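Bear in mind that the values here come from a model prediction, so they are computed numbers and not experimental data. Numbers restart at 1 for each chain; the letters A, B, ... are given by sequence-line order, proteins then strands.
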Amino acid sequence: MENEKSDEKNFFTRVYEVTSLIPQGRVTTYGAIARYLGSGNSARMVGWALNSSFSHSGFVPAHRVLNRNGMLTGKHHFGTPSAMSQLLENEGVKVENDRVVNFKNRFWDPASEL
DNA sequence: ACAGTGACCTACT
DNA sequence: GAGTAGGCCACTG
């Protein structure tokens, strides 16, 4: 039932929803979200959407979204390069060299979970 | 309306 | 195994 504010449901909002659904201590990838949204290979748009997440009202756990290698690619966009890794460690995710440890084990696939 | 950009991914060489 | 190139869709100027 899409009866809630279907007026401004942009691609961005869709990403916010999925990203916001990421369980704490878990991480996902841009490609996974892109595929779940049906964008296919447009993983770039996902990252870009998260970029606007800072403008979005409310907090979006964009730090839980990494690239295919589990690397914190957009850490520089958090304002401080340490904010992303710090947030992840704060949630129980160990980060080393801008990379998530046991990333494969912590990988949360929306298309598989949802 | 056109062109450029963007936190990527996949495939080929 | 590693590196390079192209593709993709959506937003901004």
Item to check | Pairs involving residues 32-57 of chain A, ordered by first then second residue, that meet salt bridge (charged side-chain N to carboxylate O under 4.0 Å, His left out) (sequence neighbours left out) | outcome: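 Not a single pair qualifies under salt bridge (charged side-chain N to carboxylate O under 4.0 Å, His left out).
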Item to check | salt bridge (charged side-chain N to carboxylate O under 4.0 Å, His left out): pairs with one or both residues in residues 80-89 of chain A, sequence neighbours excluded | outcome: none
Considering only heavy atoms from C-beta outward, does the side chain of [X] approach that of [Y] to under 4.5 Å?
X	Y	answer
A:Leu88	A:Val27	yes
A:Pro110	A:Thr28	yes
A:Val18	A:Leu37	yes
A:Thr29	A:Leu66	no

Checklist entry - Atom CG of A:Asn51 and atom C1' of B:dA7: how far apart are they, to the nearest Å? => result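 Computing the A:Asn51:CG to B:dA7:C1' distance gives 7 Å.
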Item to check | For atom NE2 of A:His77 and atom P of B:dA7, their distance in whole Å | outcome: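 One finds 4 Å between P of B:dA7 and NE2 of A:His77, rounded.
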Checklist outcome for this item: In the 5' to 3' direction, the nucleotides of DNA chain C bounding the stretch that comes under 4.0 Å of a heavy atom in chain A are C:dG7 to C:dC11
Residues 92-108 of chain A, side-chain donor-acceptor partners within the protein, below 3.5 Å, at least two apart:
{"unit_1": "A:Asp98", "atom_1": "OD2", "unit_2": "A:Lys75", "atom_2": "NZ", "d": "2.7"}
{"unit_1": "A:Arg99", "atom_1": "NE", "unit_2": "A:Asn69", "atom_2": "O", "d": "3.4"}
{"unit_1": "A:Arg106", "atom_1": "NH1", "unit_2": "A:Gly92", "atom_2": "O", "d": "3.2"}

Taking N or O atoms only and anything under 3.5 Å, show me the protein contacts with nucleotides 9-13 of chain B, one pair per line.
{"unit_1": "B:dC9", "atom_1": "OP1", "unit_2": "A:Arg68", "atom_2": "N", "d": "2.5"}
{"unit_1": "B:dC9", "atom_1": "OP2", "unit_2": "A:Arg68", "atom_2": "N", "d": "3.3"}

Checklist outcome for this item: So the ring pair (Phe, Tyr, Trp, His ring centres under 6.0 Å) pairs with at least one residue in residues 66-98 of chain A (sequence neighbours excluded) are A:Phe54-A:Phe78
Next on the checklist: Quick test of your reading: applying ring pair (Phe, Tyr, Trp, His ring centres under 6.0 Å), list the pairs with at least one residue in residues 29-51 of chain A, sequence neighbours left out, ordered by first then second residue.
Outcome noted: none
Checklist entry - How far does OG of A:Ser42 sit from CD1 of A:Ile33, to the nearest 0.5 angstrom? => result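 A:Ser42 OG to A:Ile33 CD1: 12.0 Å, rounded to 0.5 Å.
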Next on the checklist: Using every non-hydrogen atom in the two residues, find where A:Ala34 and A:Ala43 come nearest and quote the distance to one decimal.
Outcome noted: CB-CA, 3.7 Å
Checklist entry - Using a heavy-atom distance cut-off of less than 4.0 Å, which residues of residues 56-63 of chain A contact DNA chain B? => result A:Ala62
Item to check | Sorted by number, the residues of residues 83-95 of chain A with heavy-atom contact under 4.0 Å to DNA chain B | outcome: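 Hits under 4.0 Å, by residue number: none.
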Item to check | Listed once per pair and sorted, the side chain to side chain donor-acceptor pair (under 3.5 Å) pairs that draw on residues 50-68 of chain A, sequence neighbours left out | outcome: A:His63-A:Glu91, A:Arg64-A:Glu91
Item to check | Residues forming a salt bridge (charged side-chain N to carboxylate O under 4.0 Å, His left out) with A:Glu113, sequence neighbours excluded | outcome: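 Salt bridge (charged side-chain N to carboxylate O under 4.0 Å, His left out) check on A:Glu113 returns nothing, list empty.
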